[in-house]
Amino acid sequence: MNQSDKLKFLYPEENYGIEIDFDKKETKISETFIGVFFEDINYGADGGLYAELIQNRSFEFGSFKESFSKFDDYLYGWEVFEKDNKQFKIERKNEQPIHPNNPNYLEITLGEMSHGSSLSNTGFGGIALRKNENYNFSIFLRNKDYNGKLHILLQGQNGTRYAKVTIESKNVDDTWKKYETVLNSEEDDSFAKLSLIFEGEGTLNLDMISLFPQSTWANRKNGLRRDLVQMLKDLNPKFMRFPGGCIVEGKYLSNAYNWKDTIGPVEYRKTNWNRWEEWQNAPYNQTYGLGFYEYFQLSEDIGASPLPIINCGMSCQFQGKEVADDVEPFIQDALDLIEYANGDETTIWGSKRIEAGHKEPFNLVYLGIGNEQWIDYEVEGQDKYFETYEIFRKRIKEKYPDVHLITTSGPFPSGKEFEVAWDIITDKTKEYIDRGKVYAEIIDEHYYMSPDWFLDNNSRYDSYPRYEDGKSSKIFAGEYACHTNGGPSKQGENNLYAALCEAAFMTGLERNSDIVAMTAYAPLFAKTTNIQWQPDLIWFDNNKAYGSVSYYVQKMFGNNMGTYTLKTDVVAKTKLPKYKRLPIYSIASYDANTEEMIIKLVNVDEKAHTVSIELKNVQGTWQKAKGVILTSENKMDMNTLEEPDKVVAKDFILGNVSSEFVYDMPAQSFVVLRLKVM
Ligand code: AHR
């Protein structure tokens, strides 16, 4: 008999009780408890949320070869069809580009025999077109001495034509100009291409070849995928962290994310190499078409407070381990960022935001200084992070005392790096309290851990230090996900069990939300064809998107946060062996806005349990409760492109509710109940 059969034999009727005391209001729940973490990993931005359909639109691929990429293909994403290769010449050039930030462009020379040569872009694994939809096409052209026509076509892979427009060379200037037109697709096609067919002779320069669906989120030009933004909004997130993650640090400092490269007209923005390329066998760049203006705008659209993370003058400590000689430019970037987000028209950076179309401030309140930095006394220069943080802190607080700063306890939830960080944070917190100040409003902790870790750590924050009210740092569970294979990797499965372990853990976070102010699952997005890291919250291909099971856990929490928690005890009603972890997790709260009690219940067991729920000191004339349940037949079940709705949250009504009622909790399930309290 195995252990589980033995338990079933010994304890056939495992019953649990949940005791909720309405008179014992424990913790004011953080208003920013659920948020999202965005990083351009797994094609989350280019090829994903950013709705641009052309890959390598400005021919910058291959320009990072010496420093980073092993790929050297400036025509990546493009197919060239040469009618006569002696008379057809294609070159990448960089003399007098549109803008120095966007240095490369294409020069095409054709002769009489090469009429009909073409260039086609297949997007990010095919361009998905929808019948009768409009697509905004644009291109920058400079006419050297080209005489003839340039046909722009939407086509199937076999050449079937879905849309066509023609640009005449006589209308093309000899300086860079943008040409725009709208293409309407005659058909649906998931693997279409955009083709440029040359019917003429001479030399022409091309750059920034772009195709966007008109149907984007809020119908914006340079916009975002409507379905993906909707999925974010449905989570009801209260903050959005961006742009990462490791992307912030860069492999080396020359690859670090600099927000100033990402604003202004898209053709003036820099392209950067994406360090996640190393986790896949294909080139990967960041166009920054989805840049800081768009991140702020997106945060606003989904009702989330923007939470940018800024580089602190250090590159990734797992990789390049570079430290800037002079941290001043990084501090200036942080100060300028706050001005960009919040400043008015009298400020340099505030006026850039206003010029971009957003007169009102973006209300930046949170700013992270570095991502996953830690102290390593054994490697030169790697022991400076907290000193640097204090310099940032001083300079930022002098000018913007109300901005909440986020420091980091490193990449792991325990171990040497974590302990060293927390020793410093604890000492510094006390020192600052003595001076009547706050060292760091928020500490960022990360955990990509096993299912057992998530269950064992439900009480992680019960004993975290709480100092003077208002002076204690809060915790930001800034990146986490349950990895079924035990640690950060490509193999973790987004299955029901992983999601339930997260839900169980989150009941502990909610119970401690006096100090756990913010939480975000990570990473947010993954394209099914380009995965560098898994599990992830939201999956998509070029046509559709679906939520992982974990997505529904986040959604159920995000839409069911109360005002304060109530004392909630889970008790075994039958005698259980000491070593057996209780399979039921719960937290109750009161929502003062709707006057409802919210009860969250998680059963991580593979068998159903009878749960008797006792509501103490509360008046209500209950008959029915509103419920949402997330469950499935098997704890390994997960959602896929083929079966996107296999495990989704479903609404139900629970009858016979009173101050003591019994709920038969299905095997492997997460349930939220809402009851009206008098
Ligand atoms: O979420 C994926 C990565 O995990 C993030 O970029 C990094 O911060 C963490 O190590």
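Only heavy atoms go into these numbers, but all of them, side chains included; no hydrogens, no water, no symmetry mates. Atoms within a ligand are numbered from 1 in the order they appear, just like the ligands themselves.
For the residue pair E277 / Q532, no side-chain donor-acceptor distance below 3.5 Å is found, with atom types taken as modelled. Looking at N258 and N311, their side chains never bring a donor and an acceptor atom within 3.5 Å of each other.
Within the structure, the closest approach of P523 to ligand 1 falls below 4.0 Å when heavy atoms are considered. Contact annotation: F412 has no heavy atom less than 4.0 Å from any atom of ligand 1. The closest approach between a heavy atom of Y448 and any atom of ligand 1 is below 4.0 Å.
At a 4.0 Å heavy-atom cut-off, ligand 1 touches N371 through the side chain alone. Contacts between W276 and ligand 1, counted as non-hydrogen atom pairs separated by less than 4.0 Å, involve the side chain only.
Using a 30° and 60° split on the angle between ring planes, F557 and F33 fall in the tilted class, from 30° to 60°.
In this structure, CZ in F292 is found 5.5 Å from CG in L337, a value given to the nearest 0.5 Å.
Counting heavy atoms from C-beta outward, F476 and L307 have side chains that approach closer than 4.5 Å.
At the shortest separation from atom 8 (O) of ligand 1 among protein heavy atoms lies E479 OE2, 2.7 Å. Among protein heavy atoms, atom 6 (O) of ligand 1 sits closest to E39 OE1, 2.6 Å.
A salt bridge is defined here as a Lys NZ or Arg NE, NH1 or NH2 lying under 4.0 Å from an Asp or Glu carboxylate O, and R220 with E294 fails to meet this definition.
The shortest N or O to N or O distance between W533 and ligand 1 is not under 3.5 Å. Every N/O-N/O distance between G245 and ligand 1 stays at or above 3.5 Å.
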Mind running salt bridge (charged side-chain N to carboxylate O under 4.0 Å, His left out) on E441 and K397 for me, showing each step along the way? CA-CA 12 Å; E441 279 80 1; K397 290 284 180 181; 2.5 Å; yes
